[in-house]
Amino acid sequence: MMQQKRNIQIIEWEDLDKRKFYSLGVFMTMTTRAAVYPFTLIRTRLQVQKGKSLYNGTFDAFFKILKGEGVSGLYRGFMVNTFTLISGQAYITTYELVRKYVSCYSSNNTVKSLVAGGSASLVAQSITVPIDVVSQQLMVQGQGSHLTRFKLRPKMAMATSKHKFSFGHTRDIVVQIFHADGLRGFYRGYVASLLTYIPNSAVWWPFYHLYAEQLSKLAPSDCPHLILQAIAGPMAAATASTLTNPMDVVRARVQVEGRSSVIETFKQLLAEEGAWGLTKGLSARIISSTPTSIMIVIGYETLKRLSLRPELVHNRHW
C-alpha cells in the first residue's frame, strides 16, 4: 500500500509475541465494547421496533432509555455480551493466520485483507451468535420488553426496574429460549448474521486500505501515518455499515422475534415499512462503529507494535 512511501512495514503474524498480543488484546477489546455498547443496544431496539412506535431515532432512544431506565438500562445484557471477547480473539487469530496463508499466493494487500476479513467473520460469528441471541433478548427488556417473545419473570422484572444487574436474568432468558426452541434457538439468525458480518468485514478492510491510500496521496508528506489511519478507519466503517445495514435489520428481527426465514422477514419489512425500514439503526451503528474502527486501526496496530518480538523492535518503522 503506502508503506514504501512512508517507510512503514506491516507487522505480520510471525513477528508477534503471542502472549503479549492476546493479553493486551483482551484489554483493548473489553474497553472498546464497554464504550460503544449503549449504541449497540440502541441499534437493536431501533431495528426491532415497528415504525417509530417507541423511539424516533438514535438520540431520542438514548435519552428515553437514560431517563426511564438509568445508565444501567444502556448496559442491559452487557455482562453476557462480554463473552464475545472469545470470538474477538478468534477473529484476530483467524484474520492474521488467513492473511499469512493467502500471502503465499498473492502479495496484493487488498486481496489478503478481503479473504482474511471474510474468513475471520465466519469463525467469529459461529461463536458470537448464541451470545448475541441471549444478549439481544436482554437488551429489549425494560421499555422495549414488548418487542420480544421472551419476558423476565415478575421478580426478575422488578429487579430490572430497580436498575440492578443479575446473572439470574441471563439464566431466565437462556431457559426460556431452550424450552421454546431447543439448542437450535441459540443459533437463530445464524445465516442472517453470516450474510451481515462476513460482507461487512470483507468490505471494511479493502475500503480502509483504499481510503488510506487516497488520503496518503492528498495529505502533506509530513502528515503522520497514524492520523491517516484514524480517518480512513471510520470512513471504511461508515461505508461497510451502510452497505450491510439492511441485512443487519433482518438479522436483529430474526433473532429477537423468533422468525425462521430471512427472506420472509426481509419481504415483510419492505411491505410494512418500505425501503426506509432498511435504514433502521444505521446512525447508531455508524456511531458505535466509529470508535471501534479507530481502536482497530490505531489500537490494533499499536497492540501489534507492543507485541513485537524483542529482536524485531528496531527493525520495524512506525
> Do T239 and Y211 have side-chain atoms, one donor and one acceptor, less than 3.5 Å apart?
Replying inline: yes
>> Looking only at the side chains, is there a donor atom on one of R33 and T82 sitting less than 3.5 Å from an acceptor on the other?
In response: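 Judged by distance alone, the side chains do not pair up.
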Quick one: [atom1] on [X] to [atom2] on [Y], what's the gap to the nearest 0.5 Å?
X    : Y    : atom1 : atom2 : result
Y101 : S106 : OH    : OG    : 12.5 Å
I177 : D172 : CD1   : CG    : 10.0 Å
R43  : R45  : CZ    : CZ    : 14.0 Å
L228 : L215 : CG    : CG    : 6.0 Å
Q89  : T94  : CD    : OG1   : 11.0 Å
T279 : L46  : OG1   : CG    : 10.0 Å

Indicate yes or no for a side-chain donor-acceptor contact from [X] to the backbone of [Y] under 3.5 Å, with no hydrogens or angles considered.
X    : Y    : value
S103 : K100 : yes
S121 : Y197 : yes
D181 : R184 : no
S201 : G117 : yes
S53  : Q49  : no
K67  : F62  : no
E273 : G51  : yes

From the options [options], select the one residue that forms a side chain to side chain contact (heavy atoms under 4.5 Å, CB included) with [X].
X    : options          : value
R251 : R253, M247, Q255 : Q255
I42  : D60, I65, I287   : I65
K267 : L269, I263, T265 : I263
Y208 : M235, Q229, E213 : Q229
M139 : V256, T44, V134  : T44

How close do [X] and [Y] get, heavy atom to heavy atom, and via which atoms?
X    : Y    : value
L114 : P206 : CD1-CG, 3.9 Å
V133 : G185 : CG1-O, 3.7 Å
V98  : A116 : CG1-CA, 3.6 Å
S289 : I286 : OG-O, 2.9 Å

Can you tell if the side chain of [X] reaches within under 4.5 Å of the side chain of [Y], non-hydrogen atoms only?
X    : Y    : value
S293 : W204 : yes
T244 : R285 : yes
F178 : I173 : no
I131 : I86  : no
I294 : P234 : yes
Y95  : S113 : yes
L41  : Y75  : no
T58  : F39  : yes

>> Applying side-chain contact (heavy atoms from CB on, under 4.5 Å), can you list everything that pairs with T128, at least two apart in sequence or on another chain?
In response: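 Checked T128 against side-chain contact (heavy atoms from CB on, under 4.5 Å); matches are T84, S87, Q125, D132.
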In one Ile/Leu/Val/Met/Phe/Trp/Tyr side-chain cluster, 4.5 Å: [X], [Y]:
X    : Y    : answer
Y190 : I127 : no
W205 : Y105 : no
V250 : L194 : no
V36  : F27  : no
L195 : V254 : yes

> Does any pair with a residue in residues 254-278 pass ring pair (Phe, Tyr, Trp, His ring centres under 6.0 Å), and if so which ones, sequence neighbours excluded?
Replying inline: none
> Charged N to carboxylate O below 4.0 Å: is that the case for R188 and E257?
Replying inline: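 Result for this pair is no, no salt bridge flagged.
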> Is it true that E69 and R76 make a salt bridge, defined as a side-chain N closer than 4.0 Å to a carboxylate O?
Replying inline: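 Counted as a salt bridge, because a side-chain N and a carboxylate O are separated by less than 4.0 Å.
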>> Let's go through V174 and F186 carefully: what are the C-alpha distance in whole Å and the side-chain angles of both, what is the deciding distance for side chain to side chain contact (heavy atoms under 4.5 Å, CB included) to 0.1 Å, and is it a yes or a no?
In response: CA-CA 9 Å; V174 168; F186 295 101; 3.8 Å; yes
> Stepwise, does the side chain to side chain contact (heavy atoms under 4.5 Å, CB included) test hold for Y91 with V123?
Replying inline: CA-CA 7 Å; Y91 180 96; V123 172; over 6 Å; no
> Can you check side chain to side chain contact (heavy atoms under 4.5 Å, CB included) on L278 and L270, steps first, answer last?
Replying inline: CA-CA 8 Å; L278 300 176; L270 281 178; 3.8 Å; yes
> Hey, mind stepping through D248 and K280 against side chain to side chain contact (heavy atoms under 4.5 Å, CB included) and telling me if it holds?
Replying inline: CA-CA 9 Å; D248 194 41; K280 279 177 170 288; over 6 Å; no
>> Counting the benzene-type ring for Trp, do F63 and F59 have ring centres under 6.0 Å apart?
In response: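 No, they do not, as the ring centres are separated by 6.0 Å or more.
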